[in-house]
K.L.:
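Quick one: the structure is below, questions incoming.
The chains referred to below are lettered A, B, ... by the order of the sequence lines, with proteins before strands, and numbering in each begins at 1.
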Amino acid sequence: MNIFEDFLSKSQIFKNRDVLRHSYTPDHLPHREEQIRQLAMLLSPALRGEIPSNIFVYGKTGTGKTATVKLVGKQLEEMSERLKANVYVHYINCEIVDTAYRVFASIARRFGRSVPLTGWPTDQVYDEVKRAIDQKSIVLIVILDEIDKLAKKGEEALYSLTRINSELEKSKVSIIGISNNLNFKDFLDARIISSLSEEEVVFPPYNAEQLVDILKQRAILAFNDGVLEDGVIELCAALAAQEHGDARKALDLLRVSAEIAEREKDSVVRIEHVKKAVEKIEHDHISEVIRTLPIHSKILLYGIALFPEKKFTTGEIYTIYKKLCAKIGIDALTQRRISDLISELDMLGIINSIVISKGRYGRTREIKIDTNADMIKKILEEDYRLESLKRFEKELKNLVSLETFES
DNA sequence: CCTCCACCGGAAAGCCGGGTCA
DNA sequence: TGACCCGGCTTTCCGGTGGAGG
């Protein structure tokens, strides 16, 4: 008997698991009819060879922004093909493509130019883009997903792209910016903002009922008949609705619940599986984040995790961090840098740090671990570079508590 | 009401490893 | 090969500040 046979035979639950992944774009998006209509209306001038207004798309995570825009983009290209209208849509995820250089390179490559990953001056890549687009007369729609990620390092790209039309002879470019964060506008040049948001399309969060519809639609494709216990979909929807109506989260819950059921060799996905899924997702998320932390953040976090109840100031945790570094023979970073690493850990939700003033005793952060400290420590100890710290745990605790907190 | 602590956090510049190009 | 560019990570420098205690 082949060793895989056991695994092959038993997918009683899933018909097609991929339907539940975020990468899957269904060709019908429930409760997004209005947004689709707006986008189509705003983009339609492209088919007549005119420049559509730049569009700013706003909505929280998991509200279907990306899926909707992609769907409309795809249909726009199809229609353009039929009408021979030379409309092109280019999708860029700014979380990955997060600098001006890379944005330009991505566009240039779309039109067959080869641009190295690095090495050229950014201006040169931009020239390449202009030449590539202007070869024949086209309308190009650039979709900048997670456009807020460009605010820091890629502002130049936004600046150039919003003004590119005056430098092109035959072709036209328009931009669709997608963001889940309105605050990022504060960091940008007012001219860029007004140019980017000539039109706005808002994606409100889904409510629990709408999430149920979405899940049901996918469940039909994803599961065999009758494998979902009554209430499973409703529970997943309700849990996701509690957090700003995130469809992605709802789909994850449903998929992980089913995977747990499958692993337990249960032929039905039950309410209890959903409950286990909630924990598993939470746990997997944190441990993945921690595992991929750079070494200095790990050392720092280890120091904090040694004292789960303690509220640290920046200075205190820095002295502990320095001791830990000495112990494992790694050069310590400066306090300024550690201060930034603390902010990062805070943003990741692993620790809690707020700036407080202790009057006479200065202004500092109050830092406290936010999650299960034991779990964090275990995950950190998997790193071979931190292994030796495990042996010194007691010694370290004594040393540190005597020196730092005595007074 | 003023002072002054212990940091915060912005700006700029340096280092390093990735790369191109002539 | 050397000059040059990009981008991530750090260091250096430094002005700014909320509020307890005088």
K.L.:
Can you tell me how the ring of Phe111(A) sits relative to the ring of Tyr88(A), calling it parallel under 30°, perpendicular over 60° and tilted otherwise?
P.N.:
perpendicular
K.L.:
With DNA chain B as reference, determine whether Gln124(A) or Ile367(A) sits nearer its 5' end, using the nearest nucleotide of each.
P.N.:
Ile367(A)
K.L.:
Measuring from the side chain of Thr334(A) (C-beta onward, heavy atoms only), which nucleotide among dT17(C), dT12(C), dG9(B) has the closest atom?
P.N.:
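In terms of side-chain proximity for Thr334(A), the closest of dT17(C), dT12(C), dG9(B) is dT12(C).
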K.L.:
Between Phe203(A) and Tyr58(A), does the ring centre distance come in under 6.0 Å?
P.N.:
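Not close enough - the centres of the two rings lie 6.0 Å or further apart.
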K.L.:
Rounded to whole Å, how long is the line connecting atom CD of Glu128(A) with atom P of dC21(B)?
P.N.:
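It is 10 Å, rounded to the nearest whole Å.
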K.L.:
For Ser357(A) and dT17(C), is the shortest distance between a side-chain N/O and OP1 or OP2 below 4.0 Å?
P.N.:
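Result: no.
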K.L.:
Under 4.0 Å between a side-chain N/O of Ser339(A) and OP1 or OP2 of dC8(B), yes or no?
P.N.:
yes
K.L.:
Between atom NZ in Lys311(A) and atom P in dC7(B), what is the gap in whole Å?
P.N.:
17 Å
K.L.:
Can you tell me if the side-chain N/O atoms of Trp120(A) get under 4.0 Å from OP1 or OP2 in dC6(C)?
P.N.:
no
K.L.:
Whole Å only: how far is the CD atom of Gln335(A) from the P atom of dT10(C)?
P.N.:
16 Å
K.L.:
How many whole angstroms separate atom NZ of Lys358(A) from atom P of dC7(B)?
P.N.:
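Computing the Lys358(A):NZ to dC7(B):P distance gives 8 Å.
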K.L.:
Taking only the side-chain nitrogens and oxygens of Thr314(A), find out if one of them lies under 4.0 Å from OP1 or OP2 of dC8(B).
P.N.:
yes
K.L.:
Could you tell me how far apart Leu117(A) (CG) and dC21(B) (C1') are, to the nearest whole angstrom?
P.N.:
16 Å
K.L.:
Return whichever of Arg365(A) or Gly362(A) has its heavy-atom-nearest nucleotide of DNA chain B closer to the 5' end.
P.N.:
Gly362(A)
K.L.:
Is the count of non-hydrogen atoms from other residues, nucleotides or ligands lying under 6.0 Å from Glu34(A) atom CD greater than 12?
P.N.:
yes
K.L.:
Tell me: OH of Tyr361(A) to P of dC4(B), nearest whole Å?
P.N.:
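Tyr361(A) atom OH is separated from dC4(B) atom P by 14 Å.
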K.L.:
Roughly, in whole Å, what's the span from CD1 in Ile338(A) to P in dC7(B)?
P.N.:
14 Å
K.L.:
Kindly say if Thr313(A) contacts the phosphate of dC7(B), meaning a side-chain N or O under 4.0 Å from OP1 or OP2.
P.N.:
yes
K.L.:
Would you say a side-chain N or O of Arg336(A) is under 4.0 Å from OP1 or OP2 of dA13(B)?
P.N.:
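So the side-chain polar atoms of Arg336(A) never come under 4.0 Å of the phosphate oxygens OP1 or OP2 of dA13(B).
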K.L.:
Does OP1 or OP2 of dT17(C) have a side-chain N or O of Arg363(A) closer than 4.0 Å?
P.N.:
no
K.L.:
Does Asp18(A) come within less than 4.0 Å of Arg21(A), counting only side-chain N to carboxylate O?
P.N.:
yes
K.L.:
To the side chain of His296(A), which of dT20(B), dT10(C), dG8(C) is closest?
P.N.:
dT10(C)
K.L.:
Quick one: Leu333(A) CG to dT11(C) C1', roughly how many Å, whole number?
P.N.:
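The answer, rounded to whole Å, is 10 Å.
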K.L.:
dG18(B) base to Thr118(A) side chain: any donor-acceptor pair below 3.5 Å?
P.N.:
yes
K.L.:
More than 12 heavy atoms of other residues, nucleotides or ligands under 6.0 Å from NZ of Lys249(A): yes or no?
P.N.:
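Open: at most 12 neighbouring heavy atoms sit under 6.0 Å from NZ of Lys249(A).
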